[in-house]
Amino acid sequence: MSERRVVTRFAPSPTGYLHIGGARTALFNYLYAKKYGGRFILRIEDTDTARNSEEASEAILSSLKWMGLDWDDGPFYQSRRLDIYRKYAEKLLSEKKAYRCFCTAERLEAQRAGKRADGGFWAYDRLCHSLDEAESRARADSGEKYVIRFSIPDGGAVSFNDMVHGVLNFQNDVLDDFIIIKSDGMPTYNFAVAVDDHEMGVTHVIRGDDHVSNTPKQLLIFGALGVEAPGYGHVPMILGQDKTKLSKRHGATSLGWYEEAGFIREAAVNYLALLGWSLDDKTEFFTLAELIDKFSESRFGRTPAVFDIKKLEYFNQSHLKTMEIGVRSELVYNYAKKYIPELKIDEKYDDLEYFKSVTAIAGDRLRLLGDIKNYAWFMFTDEFSYPAELRDKIIKDHGAEAAARALRQMAEIIEGVGEFSPADLESVLRNAKIENLNFSKLVFLLRSSLSAQTVSPGIFEVMYTLGRARSLERIKRLAAAIEVHSAQ
RNA sequence: GCCCCCUUCGUCUAGCGGCCCAGGACAUCGCCCUUUCAAGGCGGCGGCGCGGGUCCGAAUCCCGCAGGGGGCGCCA
């Protein structure tokens, strides 16, 4: 085999959004090309006029971009390359490696239904196989509808060395004369793929296991065309929890869904790469650059993988953690603005710099981008009231008067703190003697007043970020709320 | 019905004849740390589908079985 510069491709059909399996296929092809300094091309297989959609095509492109998988060439649309497929089909026709078939879909469908009843498999009966060339041409010229079928060579077999499965063999006689050009002039999948992979100089094809049975057909076409076939690698499927091929009924399978759910590309790429591929027995944290560096076709797995969102979440948190705060906060900011409409952000806090300080105090807590809402919604608005349950719990634990007094005393102390820093605030409160309450209790009251909840980032950092005025206002407000309530 | 692929903890996986009475990670459970929640540390639970071979020795090789998955369109 000649030494050629590696060329891989991702060739989705625009009939829906980019799903998990497709995303992984794209990733693998991208990594393989980049690893070997080759090109990664994008081809849109839109030969099904009934099911294509412009939106799907756009969605796929945008998901690919979201993942950071930039293609070097394309996108090429098969629907705009019809003359090319026609040319190759004519060539096969003239060499008697393909023939016109005038059988109606109705006739074949009836036949197929019959066979299915007693057995279940069906193959074209080759009725038009031996049609006289003159007659065939005449019927075609007269406007009769026809398809072009590939003539499977009698006997023989095809075999190829798969990158993940090793040598695979297929007997020709299990194949029937499949259609390569439909009656509407469009090429069928197996034909267009072979023609394009050849035309575009594709050297390696990495795709899902579900394509192994298509491979012999494509190989036969390469053979008939007299051109070299690319190498293949059939990676195992990605399964749903029920261990069947991942599909819409498994729920969230589109990449777009994950973006909206607050996952970041670094995690998606990292996790997907590990479904059907691994480096060794311990390394599992990878950036895209590291994947390109370490990727190897010899490390493909052979067993189907069940998609586990829990592990994806873990990777999301891991990547978020290692990210520079500026980058992370920008992701959080953009996500919040776009996908968390219920997060109330007062105009004066709608600012990237401010988000950066809030994201910073949220620390390692974010698992998904949207978690910022749970941990810090109270940092973005001053207009909230304290939940009755929280107020009642405080009254129950401390008594209304004592709690209010403690809060007011803390306010007084905080008001007088010289340097308003997390460390100073903490040390002052740690040493304060207030209502005989220990530090932990004081912190609980503080947290309640500042965040209106019982869970929050480090409370002194919250206070520092809120600033003296906002903090004091909240502490006094809670005290007042308790007093008013108990007075009733 | 035919063809093809696959089979290690619940899940993702390492393992390619002795280093494995099977290692890592997620999940889960417990403990520690601790101002809450996370994070982190430590520990527990948990697996080689079954049956035959081959070999001094098998998760690793061979055969059979069972199970699972994929494909068999004028869909891709």
Side-chain angles (χ1 to χ4, degrees), chain A residues 11-15 45-48 50-52 78 101 103-105 108-109 112 115-116 118-123 145-149 162 164-165 168-171 173-176 178-190 192-193 208-217 234 236-237 239 241 243-245 271 274-285 299 301-315 317 321 362-367 371 374-375 426 429-430 438-448 451 453-460:
Chain A
S13 65
T15 54
E45 315 221 314
D46 56 347
T47 53
D48 184 342
R51 299 198 305 163
N52 293 329
Q78 292 188 321
C101 171
C103 295
T104 63
L108 301 179
E109 197 40 60
R112 188 163 10 221
K115 285 282 177 159
R116 235 175 229 145
D118 61 87
F121 79 105
W122 174 88
K145 283 278 187 191
Y146 67 93
V147 299
I148 297 179
R149 285 182 185 275
D162 191 89
V164 357
H165 297 290
L168 262 24
N169 298 296
F170 296 86
Q171 296 299 315
D173 56 30
V174 304
L175 270 20
D176 73 344
F178 60 92
I179 293 169
I180 58 177
I181 298 288
K182 312 178 203 174
S183 57
D184 64 359
M186 288 291 213
T188 55
Y189 165 74
N190 283 120
V193 163
D209 246 351
D210 50 346
H211 281 288
V212 301
S213 52
N214 284 320
T215 309
K217 295 181 186 174
H234 290 96
M237 306 266 73
L239 278 23
Q241 292 297 332
K243 303 253 189 183
T244 62
K245 185 178 176 180
Y271 178 66
L274 261 17
L275 252 31
W277 180 86
S278 66
L279 177 66
D280 54 33
D281 59 339
K282 48 200 54 165
T283 319
E284 61 170 14
F285 187 87
R299 301 293 311 174
R302 262 167 299 255
T303 75
V306 173
F307 186 81
D308 179 18
I309 195 168
K310 285 290 187 195
K311 190 142 188 180
L312 210 208
E313 286 177 6
Y314 162 77
F315 276 119
Q317 184 167 39
K321 261 162 64 174
D364 295 345
R365 295 174 181 75
L366 307 184
R367 203 162 168 84
D371 288 343
N374 311 322
Y375 286 115
E426 176 170 353
L429 268 306
R430 261 190 200 281
N438 62 29
F439 184 62
S440 172
K441 301 275 192 201
L442 291 178
V443 164
F444 180 81
L445 287 175
L446 266 186
R447 172 166 289 115
S448 301
S451 73
Q453 45 184 39
T454 58
V455 177
S456 81
I459 203 60
F460 298 105

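Worth knowing before you read on, the calculation uses all heavy atoms, side chains too, and leaves out hydrogens, waters and symmetry mates. Lettering follows sequence order; numbering is per chain, from 1.
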Could you verify whether a donor N or O on one side chain and an acceptor N or O on the other, from His234(A) and Asp209(A), lie under 3.5 Å apart? no
Nucleotide nearest Asp210(A) when distance is taken to its side chain, options U35(B), A38(B), G70(B): G70(B)
Can you find a side chain N or O atom of Arg299(A) that sits less than 4.0 Å from OP1 or OP2 on G15(B)? yes
Look at the side chain of Thr283(A) and the backbone N and O of Leu279(A), then say whether any donor-acceptor pair between them is shorter than 3.5 Å. no
Among the nucleotides U11(B), C12(B), C37(B), whichever has the atom closest to the side chain of Asp308(A) is U11(B)
Could you check which nucleotide pairs with U34(B) in any of the strands shown, counting Watson-Crick or G-U wobble with both distances under 3.5 Å? none
When you measure from the side chain of Asp281(A), which nucleotide among A14(B), G40(B), A76(B) comes out closest? A14(B)
Just to confirm, is there a sub-4.0 Å distance from OP1 or OP2 of U35(B) to any side-chain nitrogen or oxygen of Arg430(A)? yes
Give me the distance, rounded to whole Å, that separates U60(B) from G1(B) when you measure between the P atoms they each carry. 30 Å
With hydrogens left out and only the distance checked, is there a donor-acceptor pair under 3.5 Å joining Asn214(A)'s side chain and the base of A76(B)? yes
Side chain of Met237(A), heavy atoms from C-beta onward: which of C12(B), G69(B), C37(B) has the nearest atom to it? G69(B)
Where the side chain of Asp48(A) is concerned, which of G40(B), C75(B), U36(B) is the nearest nucleotide? C75(B)
Between C6(B) and C42(B), how far apart are the P atoms? Round to whole Å, please. 38 Å
Which nucleotide, if any, forms a Watson-Crick or G-U wobble pair with U7(B), using both distances under 3.5 Å? A66(B)
Cationic tip of Lys311(A) above Tyr271(A) ring, under 6.0 Å, 45° of axis: no
So does Arg112(A) get a side-chain nitrogen or oxygen closer than 4.0 Å to the phosphate oxygens (OP1/OP2) of C74(B)? yes
base_contact_polar (C37(B) base, Arg365(A) side chain, donor-acceptor, <3.5 Å): yes
Rounded P spacing from C3(B) to C65(B) in Å: 13 Å
Lys311(A) (side chain) and A25(B) (base): donor-acceptor pair under 3.5 Å: yes
Provide the distance between the two C1' atoms, one in G47(B) and one in A27(B), to the nearest whole Å. 15 Å
Is it true that, when you exclude Lys441(A) itself, more than 12 heavy atoms of the residues, nucleotides or ligands shown sit nearer than 6.0 Å to its NZ? no
Specify whether Phe460(A) and Phe439(A) have parallel, tilted or perpendicular ring planes, treating 30° as the upper limit for parallel and 60° as the lower limit for perpendicular. parallel
How far, in whole Å, is C9(B) from C48(B) if one measures between their P atoms? 7 Å
Nearest-Å distance once atom P is located in both A59(B) and A76(B): 48 Å
